[in-house]
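Structure first, then comments.
For reference, positions follow the sequence shown, starting with 1.
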Amino acid sequence: MNTNLLRLATDRNYEPPGPGDLKELRKEYNLTQIDVAKIVGVRWTDKGSSTVQKWEVPRNKFDNRQIPYAAWRLLLITLGVVDLNLTCKG
């Protein structure tokens with residue numbers, strides 16, 4: 001994973017994650033869209049999460065939405081990719 005995705009939002013080298021980055025993280029940790037929705041606190045049903053789905057739509061598509069930084073960071077912390085001391089574990 002691109003380490004610039006793991007930086008704090010205030011870091012000038014921070015890069016917001018793209019749709020592929022979220023998918024890659026989900027696959028690496030064997031998570032469903034529902035799992036991600038539960039972790040970050042967005043709406044979901046037994047069929048999935050339209051919010052998480054929109055975060056994974058390619059950027060050139062109308063339905064694409066950027067995952068909020070707070071949701072991305074919470075996901076990284078929950079998965080143990082970064083810690084609360086603001087450092088990368090990998």
Side-chain angles (χ1 to χ4, degrees):
M1 176 177 291
N2 177 351
T3 58
N4 287 338
L5 301 171
L6 308 178
R7 298 177 183 274
L8 293 175
T10 54
D11 187 313
R12 66 182 182 87
N13 292 316
Y14 170 72
E15 293 178 22
D21 299 314
L22 179 55
K23 281 184 183 179
E24 179 184 325
L25 187 68
R26 279 198 316 106
K27 288 183 183 191
E28 183 176 335
Y29 286 88
N30 198 29
L31 299 173
T32 66
Q33 289 182 344
I34 294 172
D35 295 330
V36 171
K38 288 178 180 179
I39 291 168
V40 301
V42 297
R43 181 170 281 215
W44 58 274
T45 68
D46 292 338
K47 295 182 179 181
S49 171
S50 62
T51 302
V52 176
Q53 187 271 330
K54 288 177 182 179
W55 293 341
E56 294 185 346
V57 169
R59 285 190 171 143
N60 63 342
K61 301 292 183 184
F62 175 76
D63 284 346
N64 171 264
R65 300 292 182 271
Q66 177 66 46
I67 184 172
Y69 174 78
W72 176 247
R73 196 70 184 181
L74 177 59
L75 186 59
L76 294 175
I77 291 168
T78 301
L79 297 176
V81 177
V82 298
D83 62 30
L84 291 175
N85 293 323
L86 310 176
T87 57
C88 300
K89 290 187 172 182

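Considering L22, I67, D21 as possible partners of E56, the one that fulfils the side-chain contact (heavy atoms from CB on, under 4.5 Å) test is L22. Partner of V81 under the side-chain contact (heavy atoms from CB on, under 4.5 Å) criterion, chosen from T78, D83, L79: L79.
The heavy-atom pair separating R59 from N64 by the smallest distance is CA-CG, 3.7 Å. In terms of heavy-atom proximity, I34 sits nearest to G48 at CG1-CA, 3.6 Å. Heavy atoms only, all atoms of each residue included: A71 and V40 are closest at O-CG1, 3.3 Å. Shown here for L31 and D35, the closest heavy-atom pair between the two residues is CA-OD2, 3.4 Å. Nearest heavy-atom pair across L74 and I39 is CD2-O, 3.3 Å. When all heavy atoms of R73 and R7 are compared, the pair lying nearest together is NH1-O, 3.4 Å.
With values rounded to the nearest 0.5 angstrom, L25 atom CG is found 5.0 Å from W72 atom CH2. Distance CG/L6 to CG/N13: 12.5 Å, rounded to 0.5 Å. Here the NZ-CD distance, from K47 to Q33, works out to 14.5 Å after rounding to the nearest 0.5 Å. To the nearest 0.5 angstrom, Q53 atom CD is 6.5 Å from D63 atom CG. In this structure, CZ on F62 lies 8.5 Å from NZ on K54, to the nearest 0.5 angstrom. Taken from OH in Y14 to OG1 in T10, the straight-line distance is 10.5 Å, to the nearest 0.5 Å.
Judged purely by atom type and a 3.5 angstrom limit, S49 uses its side chain to pair as donor or acceptor with the backbone of R43. Under the 3.5 Å distance criterion, the side-chain polar atoms of W44 are left unmatched by any main-chain donor or acceptor of V52.
Linking Ile, Leu, Val, Met, Phe, Trp and Tyr whenever their side-chain heavy atoms come within less than 4.5 Å puts V36 and I77 in one cluster.
Counting non-hydrogen atoms of neighbouring residues, nucleotides and ligands closer than 6.0 angstrom, the CG atom of D46 reaches no more than 12 such neighbours.
Proximity of Y29 to L75: side-chain heavy atoms (C-beta onward) are nowhere separated by under 4.5 Å.
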